[in-house]
There are 2 protein chains.
Amino acid sequence: MAQTRRRGPALEAALLDAAWAELEASGYDRLTMEAVAERAGTSRAVLYRRWPSRPELVIAAMRRHRPMLSGEIPDTGSLRGDMLAVLRRMSQRLAETGLETIYGLIGDYVSSAESFDDLNDQVLHISADVMTTILKRAADRGEARPGVPQRVATVPTDLFRNELFRHRTPPSDQAIVEIIDEIFLPLVT
Amino acid sequence: MAQTRRRGPALEAALLDAAWAELEASGYDRLTMEAVAERAGTSRAVLYRRWPSRPELVIAAMRRHRPMLSGEIPDTGSLRGDMLAVLRRMSQRLAETGLETIYGLIGDYVSSAESFDDLNDQVLHISADVMTTILKRAADRGEARPGVPQRVATVPTDLFRNELFRHRTPPSDQAIVEIIDEIFLPLVT
DNA sequence: TCCCTTTAAGATACGAGCGTATCTAATTAA
DNA sequence: TTAATTAGATACGCTCGTATCTTAAAGGGA
C-alpha cells in the first residue's frame, strides 16, 4: 500500500482547503478542529503545529481562498461619492464573507486576542491611508478643508465599525448616508 | 446527618455568590461552570437550570454584587463638561469592572449572542436619553443648536465604543477630549 | 547509489470542561 | 399524609489543547 505522507506546502494547502470546506459546510461556530483534521485525513496535532487557534486557521483559510485584495481607492470625482463607495464596499465585503463568520471571528478575537491585529487587517481594516488620500484629493478640488486631523478623517469607518458591533449587523445604506451627510461632511467642509 | 438542601432564592443567591467569588479568584476566562458549581456545593445541572450560559451567569452575578446603578446625568454647567463627565464615567466603570471581564463578556456575546442587549444594558449602554438631556440643557443655555439629530447626539458614545473595540482598551483621556473637541462640539454648535 | 541523520506526519491517549439527560430523594405545598 | 416539585449525583458523547511515540519522507555524504 502506497503510504503517502504529505509534507510542507502540499500538506498545508490540503489543511486550508479542508478548513475552507468545513467552513462552507458547517459554518464558523460549528467548525471544529476535529472535523477539519478528519476531513484532511490527519490529526489535530498537525493543525495545531501550524495554527494555534481556530480563528487563526480560519483566517488563513480565508486568505488562501479569497485573497481579499485591498482594492483601489475609489475616485468618483466627489468627496461624498468616494466616502459612500468606501463604506458600501466594506459592507459588501462583510456580507460576502458571511456575517456568522465575521461575528464568530470577532468574538473569538475579542475574547482571547493576543493579536486583534490579524483580524483587523483581514476584515475590519480600512487604512487611514485611504481616508487621507480621499481627503487630499477633495482638498485639491476645494471640497474639503486641508489639514483634517486623523481622528476626524477616520470618523466614518469608526462609526461604521461601531454600528457593526452595536447592532450585530452591518450598517444599513441609510445609516451610511447619515454618517456621511450628517457627521462627516459637515466636519471637513 | 442534617441533609440541608437549598431551594429557590436561597440557592440562587448562593450560586451567584459562588460565581462572583470564582470571578474574583480566577478571572473571567478561567471561570468554569464546573468550578462555580463545586464552590457552591452543587452540580452544573443546577446552574444550567437558571442560566443557560456562562456570560449570563456572570452578568447575573455582577448585577447582584454591583447594582451598576445608572447614575445621575452630569450637570456641570457646560456642554463640554457634561460630555467629558459622561465619557469619563464610562471609562471608570469599565475599569472598575475589570477589562478582562469586559472583553470576555463582549467576546462571548458577539460570538453567540441571541441577545446582545443584556450585555449592552449592563456594561456598554449609555442611554440616548442622557445625551438628549444634556443637549437640551445646552440648547437652553444657547451652547448648542436645537434639534440635533439622534445620530449626531450619540456620536461621542459611538466613538467611545469604537475605541473600546478597536484598541481593546478603553479610550485614553486624550482620546475622549479629542472626540468632544474635534468632533462633537463642532457638530452641535 | 546506498546509507544515515534529521525532520515532522500521523496515531493515540491524557485530563479538562462542555451541555444534556436521567435518576433519587429531599423539600415543599396541598 | 400525599402529591408535586426540583436539588443534587452521575454519566453520556463531544471537543479541546497537549504530550508522547512511531515511522515515513527528505537531505547529505561517501
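Reminder, nothing fancy here: chain letters follow the sequence lines and each chain counts from 1. Keep in mind that the numbers below use all heavy atoms, side chains included, and drop hydrogens, waters and symmetry copies.
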Q) Listed by chain and number, what are the salt bridge (Lys or Arg N to Asp or Glu O under 4.0 Å) partners of A:Arg7, not counting sequence neighbours? A) none
Q) In whole angstroms, how far is the P atom of D:dC16 from the CH2 atom of A:Trp51? A) 15 Å
(Q) Can you confirm whether B:Pro156 sits close enough to B:Leu87 that some side-chain heavy atom of one is under 4.5 Å from a side-chain heavy atom of the other? (A) yes
Q: Find the distance A:Leu47:CG to D:dC16:P and express it as a whole number of Å.
A: 9 Å
**Q.** Atom pair distance, as rounded to whole Å: CZ in A:Arg30 and C1' in C:dC18
**A.** 16 Å
Q) Between A:Thr101 and A:Met62, is any pair of side-chain heavy atoms under 4.5 Å apart? A) yes
Q.
Any carboxylate oxygen within less than 4.0 angstrom of a Lys/Arg side-chain nitrogen, looking at B:Asp17 and B:Arg39?
A. no
(Q) Base contacts versus sugar-phosphate-only contacts with protein, heavy atoms under 4.0 Å: please encode nucleotides 3-12 of chain D as B, S and - from 5' to 3'. (A) --BBBBB-B-
Q) If you check the B:Thr32 side chain, which of C:dG17, D:dG17, D:dT15 turns out closest? A) C:dG17
Q: To the nearest Å, give me how far apart OH (B:Tyr48) and P (C:dT22) are.
A: 18 Å
Q) Atom CG of B:Asp29 to atom P of D:dG17: distance rounded to whole Å? A) 13 Å
Q) Would a 4.5 Å heavy-atom cut-off, applied to side chains only, mark B:Arg80 and B:Asp181 as touching? A) yes
Q. Side-chain donor-acceptor pair under 3.5 Å between B:Asn162 and A:Asp158, yes or no?
A. yes
**Q.** Whole-Å distance separating the CD atom of B:Glu38 from the P atom of C:dC18
**A.** 12 Å
Q) Roughly how many Å is it from CZ in A:Arg54 to C1' in D:dG17, rounded to a whole number? A) 14 Å
